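Okay, so here's the structure we're looking at.
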Amino acid sequence: MSLPPSPPLPPSSPSWTSSRAAAAAPPEPAAEFQASWRSTAGALGLGLAGFAAALGLLVALLVQWRDPETGGHAGLVHGILGAGALLVAGVAATLLRQVAGRGAWLRFDAEGIGGRALGGHAIPWDRVSDIQWQAVSGVPQLVVQPAVQNAIGRRQQRRRVLALAPLRRDDREQIHATAVAAFGHWGGPRARATAQAHADQIEAEIAYEQQLQALTPRIWAMPLMVLACAGTWAAQVALGVDPVHPRIVDLLRWGGNTLPAVQAGQWWRLLTAMFLHGGILHLALNMYALWEAGRQLTRLFGNLGFLIVYVGAGLAGSALSLHFAARTGVSVGASGAVFGVVGALIAATLRHRDSLPAGRARQMLASLGLFVAISLGYGLAKTGIDNAAHIGGLLAGVAAGALLVRKADARSRWRILRGRLLAMAACAAMVATLCIAAAPSRQDTGQQLRQVRQLRDAREQEALRSLMALQPGIGQALSALQSDVRAFHLRYPGGAIPRAQEQAFAQRLRETHRPVLQDLDDRLAALGLDEDDPIGAFAAAQRQYLRAHLDLLGDPARGAPYRATDAEQRARVAAVDRALKALVQAQQGLEQWAQARGYAAERR
């Protein structure tokens, strides 16, 4: 799960210490902003140019070393690489042309808004109704709204979006203030009113952020939770748990949430499950969302307020999961706590929207609402996601966010303490009610663990049976190939094989044996076995052995590979030998593993 970034705030800069003065007295002479190599466009352009050059060099080397008789797919590969190099080079040239061009990228003067960002043209101030600020993929943009209308009232000019990527970051932080000030000075009475409104909004945003930062200067609770979750995952990996796909048994042993264990007295699992995750990807998505939303919540309610929401919502999510996913399985993850943080932000925004800067509440509610809708929708569409924990955490977070008192509104410590106590009581009541209301489990933890092991054993045995079923065909195909090779060499005991006979024999091998080996390789791949376990490791080694034989035979679609040099042929034979050694080692590992598990790995 991931959280959309918070709405971008108008930039702050020293020039806005008095926004009203800036709106009334724009800079003199006219302000200009020059493109710079030390900008996003400059860095990206140079990087893409280097990448395009490397691709072009690779294509040149491949064409230079290509065997003209190979033909086939080589020309297609070269063409795709060449087209990719040209495309990347075109993008790089566009970016570098923005940076290296002459003249100001943006200019604000009495004539209007001009510069290379507008293609050398200018937008007069009487054709501008508003100047707004937005960010796309983290890169800010200046949006110029038109003011010219036709006879029926429709705007004749589309809005202009001015990219600021060619400008240095310091310039981008000041350009909005400069544009608003110039608009207010040269745009007429209506423009001055609009510019004054923007100036007031920017000043209010800056003052609001400074107030929150002053009330909570240090954020330590949210990074502590991130460190706890990451540290738990690292400890699991260090002790042998799979970092990407941990087994259910391991999650259960480490404290995963499950109804039989909780009703047996292991209530601590409601808490420990919040710090466990089903792999590195699950952990990364949750921590990214927590980092984005946690900073905002901590500024509002302080570090202790954040901890109340995080822990209370996480426990509520685990408690509601007892009625759904954790009833028959094992539930883990900080998602419930993260949804609680988001829910608390939503409740706080709705409750205090009148005291927020203009437009701030609408932007936050839209961003947070989109996150909740997408996350819950994805959970409904995909199996294996505990949406009950998400909903439980969200509801608890909303309740806590409605009861907690913002530090900015606190007139006494008692008022903050009372809000925190009420939020803790609400979360505790929700957790207790959900736990008590959970129907008794029909099995104990031992039975559930045995069921998990039986399911794992059944899957392993099925994978082993599927792999063993292919062994007779693989053995027969390789034996037939080796028999034909031996029979051919027996015809020429002296070792002198006519060139024509050798070519005809190689062609017959490709037409007879290659399709069979390729079909077996495809069937091994279709099993979809995990290479991290002994069964999958053996299948991977066997596929490598088959592919080494396929390379040795050559591909008829690529011309005449039997005309390879002696060095290339020796390399292919050596690859077959290496693959055989790896296959023998994998087979020994599989036999030892099967013996330890008590499986009967039949050889057919």
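As the structure is a prediction and not an experimental result, all values here were calculated from the model.
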Legend entry - Residues in salt bridge (Lys or Arg N to Asp or Glu O under 4.0 Å) contact with Arg299, at least two apart in sequence or another chain: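 Expected list: none.
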
Side-chain donor/acceptor of [X] to backbone N/O of [Y], under 3.5 Å:
X: Trp37; Y: Ala43; answer: no
X: Asn387; Y: Leu376; answer: yes
X: Asn303; Y: Arg218; answer: yes
X: Arg351; Y: Ala348; answer: no
X: Gln296; Y: Glu292; answer: yes
X: Arg116; Y: Arg102; answer: yes
X: Ser39; Y: Arg168; answer: no
X: His277; Y: Cys229; answer: no

Nearest 0.5 Å, what's the [atom1]-[atom2] distance between [X] and [Y]?
X: Gln213; Y: Ile219; atom1: CD; atom2: CD1; result: 8.5 Å
X: Leu283; Y: Tyr288; atom1: CG; atom2: OH; result: 15.0 Å
X: Ile385; Y: Leu380; atom1: CD1; atom2: CG; result: 9.0 Å
X: Ser375; Y: Leu285; atom1: OG; atom2: CG; result: 9.5 Å
X: Gln236; Y: Leu276; atom1: CD; atom2: CG; result: 5.5 Å
X: Thr216; Y: Arg406; atom1: OG1; atom2: CZ; result: 11.5 Å

Set of residues satisfying side-chain contact (heavy atoms from CB on, under 4.5 Å) with respect to [X], sequence neighbours excluded:
X: Thr349; answer: Leu356, Ala361, Met364, Leu365
X: Leu118; answer: Ile113, Ile123, Arg160, Leu162
X: Leu417; answer: Trp414, Leu421
X: Ala423; answer: Ile308, Ala400, Leu403, Leu404

For residues 310-318, please give each side-chain donor-acceptor pair under 3.5 Å, one per line with the distance, not counting sequence neighbours.
unit_1, atom_1, unit_2, atom_2, d
Ser318, OG, Leu270, O, 3.0
Ser318, OG, Gly314, O, 3.2

Can you find a pair of side-chain heavy atoms, one from [X] and one from [Y], that are under 4.5 Å apart?
X: Asn257; Y: Ser321; value: yes
X: Met222; Y: Met225; value: no
X: Val372; Y: Ile346; value: yes
X: Glu32; Y: Trp105; value: no
X: Phe306; Y: Phe301; value: no
X: Val143; Y: Gln145; value: yes
X: Ser331; Y: Asp386; value: yes

Legend entry - Phe108/Phe33 under side chain to side chain contact (heavy atoms under 4.5 Å, CB included): CA gap, chis, key distance, verdict: CA-CA 9 Å; Phe108 303 97; Phe33 295 89; 3.8 Å; yes

Legend entry - Enclosure of His352 NE2 (heavy-atom neighbours >12, cutoff 6.0 Å): yes

Inset, instruction - With sequence neighbours left out, write down each residue that passes side chain to side chain donor-acceptor pair (under 3.5 Å) with Arg107, or none if nothing qualifies. - result: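 Arg107: side chain to side chain donor-acceptor pair (under 3.5 Å) contacts with Asp109.
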
Legend entry - Residue pair His282 / Asn286, side-chain donor-acceptor N/O under 3.5 Å: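 Yes, because at least one side-chain N or O of His282 sits under 3.5 Å from a partner of the opposite role on Asn286.
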
Indicate the atoms forming the closest heavy-atom contact of [X] with [Y], along with that distance.
X: Val338; Y: Ala289; value: CG1-CB, 3.8 Å
X: Ala402; Y: Ala347; value: N-CB, 3.8 Å
X: Ala179; Y: Leu142; value: CB-CD2, 3.9 Å
X: Ala117; Y: Leu106; value: CB-CD2, 4.0 Å
X: Ala104; Y: Gln34; value: CA-OE1, 3.5 Å
X: Val342; Y: Ala293; value: CG2-CB, 4.3 Å

Could you list the donor-acceptor pairs under 3.5 angstrom formed between side-chain atoms of residues 81-98 and any protein atom two or more places apart in sequence or on another chain?
unit_1, atom_1, unit_2, atom_2, d
Thr94, OG1, Gly90, O, 3.0

